[in-house]
Amino acid sequence: MSSPSSSARAQRTFLEYQYLFVFLAPLVFVVGVILAAPLPAAAGEGYWLEFWWLFPVFLLGATIVNTVGISGSALFVPFLIFLYPMLAVRLSPETLTQPPLSPETIVKVGLISESFGLSSSALAFIQHGLVDRRLAVALVGGSIPFVVGGALLSFVIPEPIFQLLLGLALLAASVMLFKADLGHEEPGGADAGTAGVEADGGAALPDDDAKPGSAGVETDDEGVVTRVDRGGSDYNYDRGGYLERFANYSIGGVFQGLAGFGIGELGIISMLRTSVPVRIAIGTNHIVVAMTAVLASLVHVFGSGLVGGHAIDLASTPWNMVVWTVPATVTGGQIAPYISSTLDTEILKQGVGVLFAIIATALFVMATGGLL
């Protein structure tokens, strides 16, 4: 069994070289998909290059959502519903001979893409010392059954109902984004009393001496947490409010599995309402959304037979799309923490909120037409 010191060194080394691991992951994924993924019978010579133009689109989207701290599919899924068909006609004319993307396939592409992007961004936030791992573990554990249930529901729900629920989720996210204060509070400066605290969640976790300034966390007898990031700024809060966060993450988990987003939007609101500092809330939320997105992706790829719904097989996954969207979201996830630390996210948040409201309205119109 590894000693605590060797475990600490391993985790410190991993975080120190996380950029290498982060960019190797999509490379391994892309190579594995190209070499081993089952392809549709209609796949031609230009199959893998067909959707190259999705890279800049998903790069921009991933940077925006990771900066604000919400699920990538909140932008990716509406894009694939509304803009993708128009762009595909011009940039990928081969798609004219293929059936349009079904709701479950759209969600699957969004979830696979955001799984990599949010995991990338989550590691960057961990390296910056902006993640409360105790909160993250509790929230992921409580969300699991709701995420799985929502993902299984997506296989049997009619498309108009899917659009209606998606619109409701976006409208709720829009309202919550307008109410949420994502402006960066001014943290304190690390002092001598916080310089030697344990590193980011436990004595066995890395305390990298090479970081500029102190980095760690301690909890006093009254439950007040003092966290110091890698820049030497400190944050004080407590972990109370578990019941409210559980309620929000449970409802959000159902939508995360069903539509590919929801847990991040509802989760960030509950974090802020329970007085978790905004930078810690965004960083911790990334861990929760990344883990639940990975779980929901697995259910969407392999779980259709469990509910007797649509016959989804591996060959039906548009692999020539995700080989471009996955590297894009990983890159955007690494860019986001730097933008988050320098940009006033209030303007970006309001812009995303307006966009959500517009998309929700369009989805309501589509759903109404499908139900009538």
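Side-chain N or O atoms of N285 include one that pairs as donor or acceptor with a backbone N or O of G264 at under 3.5 Å. A donor-acceptor contact shorter than 3.5 Å links the side chain of S73 to the backbone of G110. With D238 contributing its side chain and G223 its backbone, the two residues share no donor-acceptor pair below 3.5 Å. Side-chain atoms of S174 come within 3.5 Å of backbone N or O of G353 as a donor-acceptor pair. Under the 3.5 Å distance criterion, the side-chain polar atoms of T219 are left unmatched by any main-chain donor or acceptor of V225. The closest donor-acceptor contact from the side chain of H300 to the backbone of G257 lies under 3.5 Å. Looking at S115, its side chain does come within 3.5 Å of a backbone N or O of A293 through a donor-acceptor pair.
Between F55 and T329 the shortest side-chain heavy-atom distance does not fall below 4.5 Å. Side-chain contact between P158 and I161 is present, with heavy atoms from C-beta onward closer than 4.5 Å. Side chains of F29 and I112 form a contact here, defined as non-hydrogen atoms less than 4.5 Å apart. A heavy-atom distance below 4.5 Å is found between the side chains of F364 and L171. Proximity of I287 to R133: side-chain heavy atoms (C-beta onward) are nowhere separated by under 4.5 Å. A heavy-atom distance below 4.5 Å is found between the side chains of L166 and I81. Counting heavy atoms from C-beta outward, E114 and Q256 have side chains that approach closer than 4.5 Å. V322 is not listed as a side-chain neighbour of V30, based on a closest heavy-atom distance of 4.5 Å or more.
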Item checked: Worked verdict on I359 versus F79 for side-chain contact (heavy atoms from CB on, under 4.5 Å) -> CA-CA 9 Å; I359 296 172; F79 165 79; over 6 Å; no

Next item on the list: Dump the intermediate steps for side-chain hydrogen bond (donor to acceptor under 3.5 Å, both in side chains) on D234 and T226, then the final yes or no.
Entry: CA-CA 7 Å; D234 64 87; T226 299; over 6 Å; no

Item checked: CA sep, side-chain torsions, deciding dist, call: F162, I106, side-chain contact (heavy atoms from CB on, under 4.5 Å) -> CA-CA 12 Å; F162 168 80; I106 288 173; 5.8 Å; no

Item checked: side-chain contact (heavy atoms from CB on, under 4.5 Å) assessment of T105 paired with T317 -> CA-CA 7 Å; T105 301; T317 300; over 6 Å; no

Checklist line | Check against side-chain contact (heavy atoms from CB on, under 4.5 Å), F23 and L27 | finding: CA-CA 7 Å; F23 286 107; L27 177 61; over 6 Å; no

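The CG atom of L75 lies 6.0 Å from the CD1 atom of I64; values are rounded to the nearest 0.5 Å. Here CH2 of W324 is found 13.5 Å from OG of S113. Values are rounded to the nearest 0.5 Å. The CD1 atom of I280 lies 7.0 Å from the CG atom of D229; values are rounded to the nearest 0.5 Å. Atom-to-atom distance recorded for E50:CD and L91:CG is 10.5 Å, nearest 0.5 angstrom. Rounding to the nearest 0.5 Å places CD1 of I268 at 12.0 Å from CD1 of I263. For the atom pair Q163 CD and T368 OG1, the distance stands at 9.5 Å (nearest 0.5 Å).
Taking the six-membered ring for Trp and the full ring otherwise, the centers of F261 and F255 sit at least 6.0 Å from each other. For an aromatic pair to be called close, the ring centres must be under 6.0 Å apart, and F58 with F76 satisfies this.
For L59 against T63, the heavy-atom pair with the smallest separation is O-OG1, 2.8 Å. The heavy-atom pair separating P78 from L170 by the smallest distance is CG-CD1, 3.9 Å. For the residue pair D132 and T284, the shortest heavy atom distance occurs at N-OG1, 2.9 Å. Annotation for P145 and G142: closest pair CD-O, 3.8 Å, computed over non-hydrogen atoms. Of all the heavy atoms in S270 and N248, the pair that sits closest is CB-ND2, 3.4 Å. Heavy-atom minimum distance, T292 versus S143: CG2-CB, 4.2 Å.
Each of L135 and V224 belongs to its own hydrophobic cluster when Ile, Leu, Val, Met, Phe, Trp and Tyr are linked at side-chain heavy-atom distances under 4.5 angstrom. Cluster membership for V156 and F146, using ILVMFWY side-chain heavy atoms within less than 4.5 angstrom, is not shared. Residue L272 is grouped with residue L130 when hydrophobic side chains (ILVMFWY) are merged at heavy-atom distances under 4.5 angstrom, including chains of intermediate members. Note: the hydrophobic cluster containing V28 does not contain L123 (ILVMFWY, side chain heavy atoms under 4.5 Å, direct or indirect links). Cluster annotation: L60 and L80 are assigned to the same hydrophobic cluster (Ile/Leu/Val/Met/Phe/Trp/Tyr, side-chain heavy-atom contacts under 4.5 Å, transitive).
Classification of the Y84-W53 ring pair by plane angle, with boundaries at 30° and 60°, yields parallel.
L20 CG: more than 12 foreign heavy atoms inside a 6.0 Å radius. Heavy atoms from other residues, nucleotides or ligands lying under 6.0 Å from CE of M321 number more than 12.
The closest side-chain donor-acceptor pair between S297 and K108, if any, does not fall under 3.5 angstrom.
R245 forms no cation-pi arrangement with Y249, by the criterion of a distance under 6.0 Å to the ring centre and an angle within 45° of the ring axis.
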